[in-house]
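In what follows, a single structure is set out as structure tokens and then discussed.
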Amino acid sequence: MEGCTKDGAAVQSSGASTAGSIFWWLKDRSLGRGICVDPARDNFRTMTSLYSSIHPADSVNLSTRTHGAVFNLEYSPDGSVLTLACEQTEVLLFDPLSSKHIKTLSEAHEDCVNNIRFLDNRMFATCSDDTTIALWDLRKLNSKVCTLHGHTSWVKNIEYDKNTRLLVTSGFDGNVIIWDTNRCTEDGCPHKKFFHTRFLMRMRLTPDCSKMLISTSSGYLLILHELDLTKSLEVGSYPILRARRTASTSDMTSTSSETRPSSSPCHNSDSGPLFEKHMSRSSQREGTSPRNSLEVLTPEVPGERDRGNCITSLQLHPKGWATLLRCSSNTDDQEVEWTCVYEFQEGTPVRQVSPRCSLRLTHYIEEANVGRGYIKELCFSPDGRMIASPHGYGIRLLGFDSQCKELVDCLPKEAGTLQEIRSLYSHKDVVLTTKFSPTHCQIASGCLSGRVSLYQPKF
């Protein structure tokens with residue numbers, strides 16, 4: 001009997017161990033982790049070690065004499081083409097693997113080219129201070145596919161919903177406009193104004209297009225939850241989830257009524273008490289979440305609680321786990337910028353009285369505010385493990401920890417400092433933009449004087 005008891009205990013122990021293993025496997029699977037979910041995970045770990053070994057001597061410099069500052073870099077989805085959005089109306093195309101020049105679109109626009117977005121491996125869109133968006137086909141670069149007119153001021157960035165094939169643009173006129181590329185002709189695309197807000201700087205869609213984030217020069221971050229791009233939104237027509245400052249872990253018990261903004265970017269003087277507007281009765285029911293619900297946040301910036309901040313750059317984690325912001329002070333006596341990572345809290349709040357906001361500051365690092373007045377565009381690596389950030393005359397590669405682990409594997413209880421993995425300095429002017437290749441171990445950076453550098457390890 002004693003032997004049977006021991007064997008039974010062993011079986012129970014083995015069963016408990018197996019159950020525990022299954023539990024942790026299922027947990028990792030639900031978080032999108034583990035080799036069964038992401039077979040390329042180990043490959044990215046190898047790529048991380050390669051990135052950390054990149055040296056400025058491995059850079060390849062690309063330049064012409066006429067294009068001016070490089071404002072934006074964009075790779076095609078297959079990594080075969082690198083495009084440059086330039087100050088002097090030009091768009092440049094290069095083969096990033098051979099460093100060979102492919103084409104210069106010398107009169108792509110009539111003013112500065114600000115942003116480039118690929119729709120697929122052959123079609124891409126550009127936007128400009130000339131208030132237009134242009135569509136291009138890599139197979140026929142001698143002319144535009146079409147030009148889109150609708151904005152009344154500088155157009156600053158472009159997003160694209162692959163599922164609906166809707167192009168989304170935003171500009172300094174405060175408008176977010178939707179363009180239906182399904183019905184595109186040489187005369188343009190049908191379009192409509194989707195949203196309007198004051199002080200608009202940047203607009204992004206999450207990878208699954210379930211949220212739209214909008215940053216402003218007044219320091220507010222707007223989030224549209226349960227996004228439906230088929231509906232146009234007018235002031236006062238959308239439910240407000242909350243208006244408050246993002247909080248660290250120690251602040252999460254404070255209520256949203258303590259931080260009601262005095263001047264929101266989406267609050268017009270004639271629109272009434274927008275932040276006190278209640279949701280419809282149907283949307284207040286427990287367990288439901290209204291479409292296009294607006295959340296207005298003031299992101300917490302370390303050491304800047306009592307100062308106004310301008311959110312100049314906005315990026316999304318490739319898996320939708322977090323947002324990446326570059327913030328600068330609105331005061332003349334402050335010479336510091338911050339790069340901050342904010343984790344999306346699980347679930348969408350459904351009631352206005354909820355004290356928890358959707359974003360929590362998890363990581364940050366102080367930046368040198370060199371080249372004030374110019375926006376520095378930062379980015380995530382394809383797997384989301386690293387951040388490339390313009391830093392003076394170079395770039396820094398940053399990680400959530402020194403091992404470049406996944407964000408979900410190293411979330412701190414309190415906001416902590418991003419770890420510097422590598423610094424790369426090969427420019428003689430202020431770096432304005434940087435980008436990871438989506439397919440190769442390569443990083444590109446562009447600066448104010450028009451020089452572009454490619455970084456890749458030697459083998």
Side-chain angles (χ1 to χ4, degrees), residues 201-202 204 213 215-223 244-252 254 259 297-331 333-345 356-372 375-381 384-392 394-424 431 433-434 436:
M201 287 294 293
R202 291 290 186 268
R204 302 290 179 194
L213 280 74
S215 65
T216 69
S217 59
S218 58
Y220 289 99
L221 184 67
L222 282 60
I223 306 177
R244 58 159 296 164
R245 174 182 291 274
T246 61
S248 58
T249 305
S250 59
D251 300 325
M252 295 304 283
S254 61
T259 53
L297 304 173
T298 307
E300 177 190 5
V301 179
E304 302 290 319
R305 181 175 292 272
D306 298 323
R307 292 179 179 270
N309 292 287
C310 176
I311 306 174
T312 57
S313 183
L314 168 65
Q315 298 291 339
L316 274 299
H317 190 281
K319 296 181 181 179
W321 293 341
T323 183
L324 176 65
L325 304 183
R326 184 75 171 250
C327 303
S328 62
S329 174
N330 282 332
T331 59
D333 61 340
Q334 186 72 14
E335 297 291 335
V336 176
E337 292 183 340
W338 294 91
T339 290
C340 300
V341 178
Y342 300 85
E343 173 205 11
F344 281 109
Q345 301 289 285
R356 180 182 58 77
C357 57
S358 292
L359 296 178
R360 179 178 74 92
L361 176 65
T362 61
H363 298 83
Y364 60 88
I365 195 167
E366 186 176 318
E367 302 279 9
N369 191 1
V370 179
R372 294 198 71 181
I375 294 174
K376 290 88 175 182
E377 298 287 3
L378 64 177
C379 65
F380 279 106
S381 60
R385 289 171 177 263
M386 284 194 297
I387 296 164
S389 176
H391 189 258
I395 64 174
R396 291 195 296 186
L397 301 184
L398 307 170
F400 304 116
D401 69 356
S402 59
Q403 304 300 315
C404 293
K405 293 180 181 178
E406 296 270 23
L407 175 62
V408 293
D409 292 332
C410 53
L411 285 173
K413 293 183 179 179
E414 299 287 343
T417 306
L418 287 165
Q419 300 298 306
E420 184 174 325
I421 307 301
R422 190 75 172 173
S423 294
L424 304 169
V431 175
T433 181
T434 183
F436 284 90

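If you read the sequence from its start, that first residue is 1, and numbering goes on from there.
The structure places CG of Leu398 at 10.5 Å from CZ of Phe380, a figure rounded to the nearest 0.5 Å. Distance check, rounded to the nearest 0.5 Å: OG of Ser215 to CD1 of Ile311 gives 5.5 Å. Note: Ile375 CD1 to Cys310 SG = 7.0 Å, rounded to the nearest 0.5 Å. The CD1 atom of Ile421 sits 8.0 Å away from atom CD of Gln403, with the distance rounded to the nearest 0.5 Å. Once rounded to the nearest 0.5 Å, the distance linking CD1 of Ile387 with OG1 of Thr434 reads 12.0 Å. Atom CG of residue Leu314 and atom OG1 of residue Thr216 lie 10.5 Å apart, to the nearest 0.5 angstrom.
Using modelled atom types, one side-chain atom of Thr323 and one backbone atom of Gln315 make a donor-acceptor pair closer than 3.5 Å. Side-chain N or O atoms of Arg422 include none that pairs as donor or acceptor with a backbone N or O of Leu397 at under 3.5 Å. No donor-acceptor distance shorter than 3.5 angstrom exists from the side chain of Tyr342 to the backbone of Ser358, with no hydrogens or angles considered. Remark: the backbone N or O of Leu418 is not paired with any side-chain donor or acceptor of Glu420 at under 3.5 angstrom. Looking at Thr312, its side chain does come within 3.5 Å of a backbone N or O of Arg326 through a donor-acceptor pair.
At a threshold of 4.5 Å between non-hydrogen side-chain atoms, the residues Val341 and Tyr364 do not count as touching. By the 4.5 Å heavy-atom criterion applied to side chains, Val408 and Lys319 are not counted as neighbours.
Closest approach of Ala388 and Phe436 over heavy atoms only: CB-CE1, 3.4 Å. Taking every heavy atom of both residues into account, Leu411 and Glu343 meet most closely at CD1-OE2, 3.4 Å. Residues His317 and Gly384 come closest through the heavy atom pair NE2-O, 3.4 Å. The nearest pair of heavy atoms linking Arg360 to Lys413 is NH1-O, 3.7 Å. Closest of all the heavy-atom pairs between Ser423 and Arg396 is OG-CG, 3.8 Å. Of all heavy-atom pairs spanning Leu221 and Pro299, the tightest one is CB-CG, 3.8 Å.
Under 3.5 Å, the side chains of Thr339 and Glu367 contain a donor-acceptor pair of N or O atoms.
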Just do the side-chain contact (heavy atoms from CB on, under 4.5 Å) check on Phe400 and Gln419 with the steps written out, would you?
-> CA-CA 6 Å; Phe400 304 116; Gln419 300 298 306; over 6 Å; no
Any chance you could lay out the side-chain contact (heavy atoms from CB on, under 4.5 Å) test for Tyr220 and Thr298, step after step, and finish with the verdict?
-> CA-CA 5 Å; Tyr220 289 99; Thr298 307; 3.6 Å; yes
Test side-chain contact (heavy atoms from CB on, under 4.5 Å) applied to Ile365 and Trp338, step by step | CA-CA 6 Å; Ile365 195 167; Trp338 294 91; 6.0 Å; no
Start with the C-alpha distance between Leu378 and Lys376, add both sets of side-chain angles, then the distance that settles side-chain contact (heavy atoms from CB on, under 4.5 Å), and finish with yes or no.
-> CA-CA 6 Å; Leu378 64 177; Lys376 290 88 175 182; over 6 Å; no
